[in-house]
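Both counts, for ligands and for their atoms, begin at 1 and track the order of listing. In this text, all values refer to a predicted model and were calculated from it rather than measured experimentally.
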Amino acid sequence: MTQIIDGKKISAEIKDELKEQVAAYREQGIEICLAVIQVGDDPASSVYVRNKKKACEYIGIKSLSYELPARTTEEELLSLVEQLNGRADVNGILVQLPLPEQIDEEKVLNAISPLKDVDGFHPMNVGALCIGKKGFVSCTPAGVIQLLKRSGISISGRECVVVGRSNIVGKPMALLLLRENGTVTVAHSRTEDLKAVTRRADILVVAVGRPQMITEEYVKEGAVVIDVGIHRDENNKLCGDVEYARVAPHCSAITPVPGGVGPMTIAMLMKNCVESVEIQKASFVERAE
Ligand code: GUN
């Protein structure tokens with residue numbers, strides 16, 4: 001029987017745990033606050049931002065909302081980020097991507113204080129992950145690790161193949177699996193004989209951004225398959241990078257789309273917001289010493 005990994009249930013569990021932690025902080029007089037910045041009115045971004053604010057409300061995190069017009073200049077956005085970096089009452093800063101073309105995304109992400117970078121996109125946090133130091137970890141790959149652990153799937157010593165090498169998912173995913181003592185291979189669009197590589201995987205994480213590209217020919221019998229993709233198929237139905245109906249019967253466990261990895265991203269963002277309190281405290285102690 002294939003185990004269907006329920007991201008909705010696991011993300012709800014995590015949010016409930018965080019809600020308790022936030023309540024405990026509040027008893028100590030600590031309030032957690034996330035600033036969310038959206039530039040323009042891209043409909044997909046508006047949905048993501050709304051869901052992030054809703055999750056904050058559920059958990060008890062205060063959210064500050066900045067909805068800036070699409071014509072906002074890079075200078076104006078950088079100035080807002082600077083102002084939020086300097087505010088002691090703001091723990092996390094999130095700039096929703098994509099940004100309009102007049103704004104250099106990398107410049108803005110690098111301007112966010114690494115101590116408030118709850119998306120885990122700042123080079124300091126990526127570097128910290130790379131050398132095994134504490135820091136914020138990109139939410140989607142961190143969510144995949146939680147899905148595996150909370151489903152009783154062990155990573156240590158197993159063959160893990162990540163398909164995709166983006167800075168937001170593929171690369172941090174490979175580093176996290178390595179941190180869990182997996183034997184990790186990163187495959188990508190230039191990989192020769194991709195099927196031969198993916199068929200080695202005990203744990204296959206797919207983040208290629210191509211609808212239903214992964215069929216059963218790419219999967220070893222009994223593998224665990226994690227699908228990070230989300231698309232609309234020709235009937236406007238949500239689907240992933242994996243052709244679920246054909247692949248699932250061959251897996252020991254698989255994530256569905258929707259309801260697999262998707263709900264985990266926001267749960268992990270919330271987790272980063274809660275962890276920001278300790279990260280900021282530790283950094284204050286370090287600077288004071
Ligand atoms: N746009 C799509 N996904 C994300 C995300 O995880 N973080 C940010 N900041 N923007 C996004």
> Considering only protein heavy atoms, which is closest to atom 9 (N) of ligand 1, and at what distance to one decimal place?
Replying inline: D119 OD2, 2.6 Å

> Among protein heavy atoms, which sits nearest to atom 11 (C) of ligand 1, and what does the distance come to when rounded to 0.1 Å?
Replying inline: Q96 NE2, 3.3 Å

>> Is there a polar contact between ligand 1 and L94, counting only N or O atoms under 3.5 Å apart?
In response: no

> Nearest protein heavy-atom contact for atom 10 (N) of ligand 1: which residue, which atom, what distance?
Replying inline: L97 N, 2.9 Å

>> Would V95 count as a polar contact of ligand 1, with the cut-off being nitrogen or oxygen pairs under 3.5 Å?
In response: yes

>> Check for me, please, whether I214 and I203 land in the same ILVMFWY cluster - side-chain distances under 4.5 Å, paths through other members count.
In response: no

>> For K54 and E57: C-alpha separation, side-chain torsions, deciding distance, then whether salt bridge (Lys or Arg N to Asp or Glu O under 4.0 Å) applies.
In response: CA-CA 5 Å; K54 248 170 56 187; E57 199 176 322; over 6 Å; no

>> If you count heavy atoms of other groups shown closer than 6.0 angstrom to CZ of R190, is the number above 12?
In response: no

> Residues two or more places apart in sequence or in another chain: which of them pass salt bridge (charged side-chain N to carboxylate O under 4.0 Å, His left out) with K149?
Replying inline: E180

>> Run the side-chain hydrogen bond (donor to acceptor under 3.5 Å, both in side chains) test on K271 and Q146 for me, step by step, so that the C-alpha distance in whole Å, both residues' side-chain angles and the decisive distance to 0.1 Å come before the verdict.
In response: CA-CA 11 Å; K271 196 165 194 292; Q146 286 296 316; 5.8 Å; no

